[in-house]
Amino acid sequence: SNSSGNNLNNFPPGPPGLPIVGNLFLFATSSRHTVLRQYGVKFGGIFSTITGTQRVVWVTSYKLFREAMIDRTWGFAGRPDSIFFKDQSTINHPGIIASGVEESSKAVRKFALITLRSLGFGKRCMQDCILQEAENVITEFREKKGEPFNPRNVVALATANVIASITLGKTFKYGDEGMIVVTEKINLGIKQILIAARDKTFPFMKYLPNSGRTIMAEIFYSIKGFLNKIIDDHRTTHVPNEPRDFIDAWLDQNSQVDKTADSIYSSERLPNVLIDLFAGGFETTATTFQWLFAMMLHYPEVQKKIHEELDRVVGASAEVTLDQREALVYTEAVILETLRVYPLIPFAVPHQATEDTMLGGYVIPKGTQVMMHLYSVHHDPELWEDVEDFKPERFIKDGKIVVPEYFVPFGAGRRSCIGEQLARKELFLVFANVLSNFKLELPSGAQLPSLELMQAVVLYPKPFDIVAKSRK
Ligand code: HEM
């Protein structure tokens, strides 16, 4: 097989580009998701762009997304080196998000998936951790006493704490060193990714001082220092085979399952895996809450229906738990519809062809970066009726939730999100309990939250304030 990456005889065509900057202009526009979708329609669900020296293939139709992620199994399960910041540690001991398809990486991903699931049923039950954080959110909202506030920081802390309790066995308060590390530093790192990767896209840039790389190196150093202290504490308090959290589970796996000197469950790898759990799970979930709140302000009739359902199923005073999830059909449908309209990682995490692989009749050479434009799939008028409307009912059939296979906010296949179950439980428990306690309103005189999509790896809304009126 041709692995040189130069086999362009049967490569997907694309819009014409300008020299050097190529199709970079495409991504400068704030409506870039609409632009990408339109190119997808024009070129039949797959096209290519050029930025600097890099050719990128874009998949926009569900049919080809499915072919790439499901039918081709490992064919597109790689990750391009260029877009991630890598130092010696992440190259030799990769975490999860940027790792390739070596057996060790597959094993670590599988271990993380199984461990997240089993911790959910264990002593430190996932539901208890989440309900504790929902309680904190409600307390914070109540303390605003009906004054306008930006809900972002409150839900961000709650979301970070859910992951912190499952992985590190502890939670944080505002201003804690830990809170700053897990929310601000890891986030700053995500934002620096693109800057740090510049010199791969434009090779001449490696001769310029690259502040992105320096900042990333510093960020990683301080995050790891912090995590290693927590890991050391675990080593002294850890009881074998009674994992309290993800770190304990890792230590068990290292000492009992894999005794080899170069264990894949090594101390060097653990902080990199933990960082990826925060990087994958924090901003995504926190931002979904912001979109949910924005929807409540935009569609008061939707909020009214949720309140009616909560009052009918749960009653006025009780706490909402997972036992009621199946009965709270409309509330669940609102969460699904929000994720449809605002898929938080609109082009998933970049993929890479692991070998020359067929897709849509084209040959995608080994090493090519391939992007799955989830946003296009979720906004395809041939799949979704009244595609531009916010319509939770589309997920309800005969009084039950029905999720079509082309609903893919978590991706699909070998590299799909490992936090989906956790995220969906968290979104449900926190959102339902907040709405059970409050009616969310627009501050008087304020404009409705903007629904414009900010330009970033994650789909952020512009900041907005809400008023939380107590219902109890
Ligand atoms: C609303 C919440 C979330 C959304 C929308 C979301 C979405 C996604 C998407 C689209 C991907 C990339 C799939 C691909 O590359 O094709 C992904 C990967 C990932 N997510 Fe999530 N995610 C969410 C929450 C979480 C949570 C709570 C965690 C962890 C506890 C998590 C951990 C990860 C990890 C580790 C990966 C990388 C998997 C891999 O590379 O093999 N995510 N997520």
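FYI, side chains are in, hydrogens and waters are out, and symmetry mates aren't considered; it's all heavy atoms of this structure. Every value quoted in this text rests on a predicted model; they were computed, and no experiment measured them. As the structure lists them, so they are numbered: ligands from 1, and atoms in each ligand from 1.
- Although no hydrogens or angles enter the test, the distance criterion places no donor-acceptor pair under 3.5 Å between the side chain of Q132 and the main chain of C129.
- Where the criterion is an N or O separation shorter than 3.5 Å, residue side chain and backbone included, D276 fails it with respect to ligand 1.
- Any N or O atom pair closer than 3.5 Å counts here, and R79 shares at least one such pair with ligand 1.
- Between the side chain of R152 and the backbone N or O of P463 there is no donor-acceptor pair closer than 3.5 Å.
- Using cut-offs of 30° and 60° on the angle between ring planes, the pair H378 and W384 is perpendicular.
- If you number the atoms of ligand 1 from 1 as listed, the ones under 4.0 Å from a heavy atom of L422 come out as 30 (C).
- Every atom of ligand 1 with a heavy atom of A348 under 4.0 Å away is listed here by number and element: 14 (C), 16 (O).
- When each atom of ligand 1 is checked for a heavy atom of L277 under 4.0 Å away, the hits are 29 (C).
- The shortest N or O to N or O distance between H351 and ligand 1 is below 3.5 Å.
- For the pair K305 and E393, the salt-bridge criterion is met [side-chain N within less than 4.0 Å of a carboxylate O].
- Side chains of Y406 and F65 form no contact here, defined as non-hydrogen atoms less than 4.5 Å apart.
- At the shortest separation from atom 36 (C) of ligand 1 among protein heavy atoms lies I97 CG1, 4.1 Å.
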Let's go through T331 and E309 carefully: what are the C-alpha distance in whole Å and the side-chain angles of both, what is the deciding distance for side chain to side chain donor-acceptor pair (under 3.5 Å) to 0.1 Å, and is it a yes or a no? CA-CA 8 Å; T331 308; E309 183 178 72; 2.7 Å; yes
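- Among all non-hydrogen protein atoms, the one lying nearest atom 13 (C) of ligand 1 is R415 O, 3.3 Å.
- Contact atoms of ligand 1 toward A423: 2 (C), 24 (C) (distance under 4.0 Å to a heavy atom of the residue).
- Protein heavy atom in closest approach to atom 6 (C) of ligand 1: F410 CD2, 3.6 Å.
- Side-chain atoms of D380 never come within 3.5 Å of backbone atoms of S376 as a donor-acceptor pair (strictly under, hydrogens ignored).
- In the vicinity of I418, heavy-atom distances shorter than 4.0 Å reach the ligand 1 atoms 34 (C), 35 (C).
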After noting the C-alpha distance and the side-chain angles of T90 and N272, does the key distance pass the side chain to side chain donor-acceptor pair (under 3.5 Å) rule? CA-CA 7 Å; T90 44; N272 295 335; 5.6 Å; no
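- Looking only at heavy atoms of the protein, atom 38 (C) of ligand 1 is closest to R109 NH1, 3.6 Å.
- Of the options A98, P409, A286, the smallest heavy-atom separation from atom 7 (C) of ligand 1 is shown by P409.
- Any N or O atom pair closer than 3.5 Å counts here, and I345 shares no such pair with ligand 1.
- Looking at atom 19 (C) of ligand 1, its nearest protein heavy atom turns out to be C417 CA, 3.8 Å.
- Protein heavy atom at the shortest distance from atom 23 (C) of ligand 1 is T284 OG1, 3.5 Å.
- The nearest heavy-atom contact from the protein to atom 27 (C) of ligand 1 is G281 CA, 3.5 Å.
- Under a 4.0 Å N-O distance rule, the pair E420/R424 qualifies as a salt bridge.
- With respect to the salt-bridge test (charged N to carboxylate O, under 4.0 angstrom), the residues K425 and E133 do not qualify.
- Note: Y39 and F47 have tilted aromatic rings, judged against thresholds of 30 and 60 degrees for the angle between ring planes.
- Ranking protein heavy atoms by distance to atom 12 (C) of ligand 1, first place goes to V349 CG2, 3.6 Å.
- Checked against a 3.5 angstrom limit, the closest N/O atoms of T288 and ligand 1 fall outside it.
- For the pair E337 and K391, the salt-bridge criterion is not met [side-chain N within less than 4.0 Å of a carboxylate O].
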